[in-house]
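Structure first, commentary second.
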Amino acid sequence: MINITLPDSSIKSFDEYPTGMDVALSISEGFARNCVAMEIDGKLLDLNTKIESDSSLRLITTKDGDAVEILRHSAAHVMAEAVQNLYDGALLTIGPVVEDGFYYDIDMKPVSEDQFPAIEAEMNKIIKAKKPFERKVVSKAEALEMFNDNKYKKELIEALEDQEISLYQQGGFVDLCRGPHIPHTGMIKGVKLMKTSGAYWRADQSREQLQRLYGTAFFDKKELKEYLHLIEEAKKRDHRKVGTRLGLFSFHQEAPGMPFFHAKGMEMWNVLLEYWRHEHKAAGYVETKTPVMLNRKLWEQSGHWENYRENMYTSVVDDEEYAIKPMNCPGGMLLYKTGSYSYRDLPLRAGEIGLVHRHEFSGALSGLFRVRAFHQDDAHIFMTPDQIESEILGVLRLVERIYSRFGLGFHLELSTRPEKSIGTDAQWEEATNGLKSALDTYGKEYLINEGDGAFYGPKIDIHIKDALGRTWQCGTVQLDMALPERFDLTYKGADNEKHRPIMIHRVIYGSIERFFGILVEHFAGKFPLWLAPVQVVILPINDELAPHAATVSARLSEHGIRCEVDNRTESLKKKIRDAQINYTPLILTVGEKERDSDTLSVRTLDGNVTMGLSIDAFLDKVLKNIRSRTLEGISFEK
RNA sequence: GCCCAUGUAGCUCAGUAGGUAGAGCGCUUCCUUGGUAAGGAAGAGGUUCACCGGUUCGAAUCCGGUCAUGGGCUCCA
């Protein structure tokens with residue numbers, strides 16, 4: 001007899017070895033219909049696997065978070081079969097699940113999106129046929145024989161350590177796979193191909209170029225619809241579109257990857273930095289500035305020449321080689337060395353809005369999100385070893401404070417030593433442990449990315465989450481025990497001996513350009529009042545009111561309010577519409593009534609209108625809102 | 001850098017048997033002098049279709065190259 005313990009601790013007994021499906025059916029038929037796989041002792045298995053010993057079992061239903069990954073993996077097999085049916089000679093390689101779907105890399109002729117409908121139709125045929133997924137186990141030799149005509153699969157099989165290799169079959173299609181899979185193809189209710197691209201076999205540029213087909217799948221057509229809607233929504237918010245329309249920035253062929261900020265974009269830029277300076281001053285930072293171009297010798301000393309050279313722009317001046325800085329730290333080192341420090345001077349927190357250039361691959365450039373020239377809201381914190389934890393905590397708290405100002409959530413990831421790196425094992429260990437203990441004290445959960453650190457130290461990356469739930473890496477906190485060594489930085493300890501300070505590099509906005517782009521998409525161009533490039537637009541109801549509009553404008557400008565007057569000979573309706581579609585937070589219409597009574601008529605972006613508001617009352621509310629840098633809109637009532 | 005796609009007026013885009021460029025928005029002028037999401041009319045605007053070269057009697061349309069942009073690979077703030 002087999003006893004199966006369910007998650008609620010109840011036990012079901014079976015006379016014969018039951019499959020997961022049998023267990024599910026013993027609960028109810030409806031429940032069983034929604035089961036996709038099972039977990040025994042932490043291992044995911046197919047539902048039709050026989051359970052041959054007493055076990056604790058968790059049935060995975062379509063509602064569970066991990067179910068959709070199993071589904072997508074199965075969908076990848078279906079796509080692979082469809083492609084094989086349609087294109088002779090297509091060789092399958094690998095087809096994993098990724099964040100929002102799956103892909104399959106296939107050695108075949110380039111595929112374009114107009115071939116998608118045909119592939120999707122073929123996939124839907126397979127889905128409709130409700131083909132069961134069947135697991136087969138064969139020996140390595142048999143597997144090699146079976147995939148004799150596919151060099152990629154053979155390479156994969158040869159690399160496997162197990163002598164037993166599992167295969168999955170749906171109908172006549174067999175693929176090498178660890179599994180598990182959903183019971184049958186019919187459970188895939190919503191499937192769609194998303195895009196194609198080239199990809200190298202094993203991500204190696206020197207090897208075969210494959211076609212990567214991306215798709216996504218859901219248990220429910222409605223979920224697919226919602227997902228597609230989200231993508232549409234994201235497209236509408238695309239900062240490149242919105243930023244162009246609102247006149248914030250532009251790009252030009254003459255400087256690929258290097259944004260031009262227009263007057264309105266600069267208004268926002270300055271507001272962002274003003275806020276940044278406000279918070280950093282309060283957190284005990286000073287602000288510094290170092291040159292953009294520095295001698296090659298400095299980069300050799302810092303290790304950048306050796307580790308980062310392919311990304312650096314260089315120039316020869318007076319027979320000396322210079323490099324344009326890709327990072328601010330070496331300049332910061334020189335700055336530190338101009339002084340002499342006591343342990344009492346530490347921690348020293350030196351901020352710098354530094355303009356850096358990095359020669360990214362031309363194909364990697366993308367709007368403000370990936371550029372070649374950008375400003376980092378950098379800071380270097382020099383400290384004693386026993387200040388590591390409290391300083392990192394301080395940075396994390398500052399990060400939280402600043403992001404929440406924009407309504408952005410975030411999560412943390414710790415990256416450890418990469419292959420290409422400088423410094424000793426002991427230094428890396430001490431640094432990594434320092435970050436870990438700070439993270440533990442901070443208390444928020446974090447992921448670990450092994451081998452993803454910077455070449456000079458481990459780091460904590462901070463990924464923000466925007467209004468659409470998308471995540472972006474912005475902030476990073478990097479501990480560096482190598483540069484202070486290379487530049488022989490010291491401070492005088494209480495023991496009157498020289499000691500080596502430890503250094504943190506950190507950014508919060510990260511790249512100001514990218515953060516700017518994220519904000520455009522996060523707010524979809526409808527910025528909160530304190531950030532809006534134009535806060536108030538004033539609409540005279542006819543030409544005779546133009547002088548009065550100018551008077552009002554001057555009064556608001558006196559208080560630092562960013563305002564414009566729309567004096568075009570257009571109808572009031574038209575001007576209102578234009579102000580609305582430009583997302584101007586406050587629209588003032590002025591006519592005789594307002595002029596004669598010295599009042600204002602205010603329209604907010606939500607379309608609410610308040611008439612007969614005194615200018616003082618308006619100023620009071622607006623200035624309070626701006627100064628508090630709130631995300632809240634204003635509502636006016638008399 | 002690699003693969004695929006795209007590149008026409010300030011913006012969005014049409015021009016798909018190769019015969020010497022169109023629309024809407026925006027802009028200018030005039031009329032309208034308006035009360036809360038598009039009033040009306042006229043006009044200017046492309047050194048001719050990203051750039052260079054080729055095929056052709058003739059190219060925005062075909063071919064090659066370059067550059068840029070977009071989606072990926074890779075990398076990363």
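Keep in mind that this is a model prediction, so the values were computed, not measured. Proteins get letters first, then strands, A, B, ... in listed order; numbering begins at 1 in each.
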With heavy atoms under 4.0 Å as the rule, sort [X] into base, sugar-phosphate or nothing.
X: A/Glu360; value: base
X: A/Leu572; value: sugar-phosphate
X: A/Gly367; value: sugar-phosphate
X: A/Lys593; value: base
X: A/Arg568; value: sugar-phosphate
X: A/Leu365; value: sugar-phosphate

For [X] and [N], is the shortest distance between a side-chain N/O and OP1 or OP2 below 4.0 Å?
X: A/Arg577; N: B/C25; answer: no
X: A/Arg358; N: B/C76; answer: no
X: A/Ser511; N: B/A77; answer: no
X: A/Lys574; N: B/G26; answer: yes
X: A/Thr569; N: B/U33; answer: no
X: A/Lys195; N: B/G71; answer: no
X: A/Lys573; N: B/U36; answer: no
X: A/Arg603; N: B/G35; answer: no
X: A/Lys459; N: B/A77; answer: yes

Taking the basic N atoms (NZ, or NE/NH1/NH2) and the acidic carboxylate oxygens, is any pair closer than 4.0 Å for A/Lys236 and A/Glu233?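 Yes, this pair counts.
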Supply the atom-to-atom distance A/Glu513 CD to A/Phe249 CZ, rounded to the nearest 0.5 angstrom.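 These two atoms lie 10.5 Å from each other.
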Just by distance, with hydrogens left out, do A/Asp606 and A/Thr604 show a side-chain donor and acceptor under 3.5 Å apart?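 On atom types as modelled, these side chains qualify, holding a pair under 3.5 Å.
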Check whether the aromatic ring of A/Tyr214 stacks on the base of B/G72, taking stacking as ring centres less than 5.5 Å apart and planes within 30° of each other.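 A stacking contact does not exist, since A/Tyr214 is not both close and nearly parallel to the base ring of B/G72.
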Nucleotide paired to B/C2 in any strand shown, Watson-Crick or G-U, under 3.5 Å: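 Base-paired to B/G72.
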Is the shortest heavy-atom distance from the side chain of A/Tyr442 to the side chain of A/Ile460 under 4.5 Å?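 Counting from C-beta outward, A/Tyr442 and A/Ile460 never come under 4.5 Å.
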For A/His252, is the NE2 atom crowded, meaning more than 12 foreign heavy atoms sit under 6.0 Å from it?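 Yes, enclosed.
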